[in-house]
Every structure is written in C-alpha cells, then in structure tokens.
Amino acid sequence: FFPEFWVRIFVSHTETELIAVTVQGLQFMAIGFGVVGFQAVTGGLYQALGFGKQSLILSLLRQVLFLIPAMLILSHFFGIIGVWWSFPIAEISSAIVTGIMVWHDRNRLGIGTKKSCDKKVFG
C-alpha cells in the first residue's frame with residue numbers, strides 16, 4: 001500500500017529515478033507476499049513436531065534454493081526487472097513445494113484424518 005510514500009521516507013525527494021525503480025520493485029515483491037505466511041507457518045509446524053530436516057529444507061527453499069538461482073538467471077535475460085520478478089517467483093515456488101510436502105506428509109502430520117478429528121482438545 002502506497003509504495004511511493006514508504007520509499008520517500010528513506011530516500012531524498014531529489015532522487016526521482018531511484019524512487020521510481022524502488023516503487024516498481026516493491027510492487028513486484030508484493031505479488032508473492034500472500035504465500036509467505038503459509039510457507040513460514042508450515043516450516044514452524046514441521047519444527048514444532050520434531051521434523052527438523054523438513055523444516056530446514058522449507059527454510060532454505062525460499063531464500064537459497066529458489067531466490068538466488070532465479071536472480072542470477074532472470075537478471076541475465078531481463079536485467080533489473082528480472083531481479084524484481086525473482087522475489088515473487090521464489091515465494092510462489094517455495095509455497096508450491098511446501099504444499100506438496102504437506103500433502104505428502106498429511107497422514108504423518110495428522111491432517112485430515114479421522115483420528116485427528118476425534119481428539120478432545122480440553123480433557
């Protein structure tokens with residue numbers, strides 16, 4: 001919301017080109033924000049349930065396994081626009097892999113099973 005306002009807090013008003021590029025970058029990055037929560041919470045779920053390896057994989061997906069290669073590849077073909085697009089691509093890709101992992105592990109995690117629905121929460 002209002003990216004130019006937020007950029008102007010940190011950048012001098014005389015830096016019009018920097019403001020324009022940064023506003024555009026924030027708009028690209030915002031595309032992937034909707035799936036960040038799912039990926040972060042699922043990583044925490046795996047960690048809380050004692051599945052450290054899966055939690056580590058989910059933590060590394062977004063920032064290392066998807067973001068860095070996407071930045072290198074897309075910047076080569078599209079320049080600065082490719083760098084900006086790499087953020088939502090990494091977020092969405094890691095959310096897809098996270099969804100696949102949860103679907104694969106749904107029985108082990110107790111998701112959607114009758115057994116998980118029958119548990120009494122309060123005694």
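Sequential numbering from 1 along the given sequence is applied to the chain's residues.
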List in chain and number order the residues that pass side chain to side chain contact (heavy atoms under 4.5 Å, CB included) with Leu49, two or more places apart in sequence or in another chain; answer none if no residue qualifies.
-> Leu45, Phe51, Leu109
Rounded to the nearest 0.5 angstrom, the CD1-CZ distance for Ile31 and Phe33 is 10.0 Å
Applying side chain to side chain contact (heavy atoms under 4.5 Å, CB included) to Ile100 and not counting sequence neighbours gives Ile96
Tell me, which pairs form a salt bridge (Lys or Arg N to Asp or Glu O under 4.0 Å) where one or both residues lie in residues 3-12, sequence neighbours left out?
-> Glu4-Arg8
Can you list every pair that meets side chain to side chain donor-acceptor pair (under 3.5 Å) and has a residue in residues 19-34, with sequence neighbours left out?
-> none
With sequence neighbours left out, the residues meeting salt bridge (Lys or Arg N to Asp or Glu O under 4.0 Å) with Glu15 are none
From Leu58 atom CG to Phe38 atom CZ, the distance as rounded to the nearest 0.5 Å = 8.5 Å
By side-chain hydrogen bond (donor to acceptor under 3.5 Å, both in side chains), Thr16 pairs with (sequence neighbours left out) none
Under a single-linkage definition using a 4.5 Å side-chain heavy-atom cutoff for Ile, Leu, Val, Met, Phe, Trp and Tyr, are Leu18 and Val23 assigned to the same hydrophobic cluster?
-> yes
Fellow cluster residues of Ile68, listed by chain then number, with links counted only when side-chain atoms sit under 4.5 Å apart | Leu72
Sort and list the pairs that fulfil side chain to side chain donor-acceptor pair (under 3.5 Å) and have at least one residue in residues 85-102, not counting sequence neighbours.
-> Arg62-Glu91
In short, side chain to side chain donor-acceptor pair (under 3.5 Å) pairs touching residues 40-61 with sequence neighbours left out are Tyr46-Asp105
Test side chain to side chain contact (heavy atoms under 4.5 Å, CB included) applied to Phe10 - qualifying residues, sequence neighbours left out = none
Those residues that, when tested against Val41, pass side chain to side chain contact (heavy atoms under 4.5 Å, CB included) (two or more places apart) = none
Connected via hydrophobic side-chain network under 4.5 Å: Val97 and Leu65 | yes
Flag the pair Leu74 / Val83 as yes when at least one side-chain heavy-atom distance between them is below 4.5 Å, and no otherwise.
-> no
Please check if Ile19 and Val21 belong to a single hydrophobic cluster, counting links between Ile, Leu, Val, Met, Phe, Trp and Tyr side chain heavy atoms closer than 4.5 Å.
-> no
Any pair counted as ring-ring contact (aromatic ring centres under 6.0 Å, His included), so long as it reaches residues 62-84, sequence neighbours left out | none
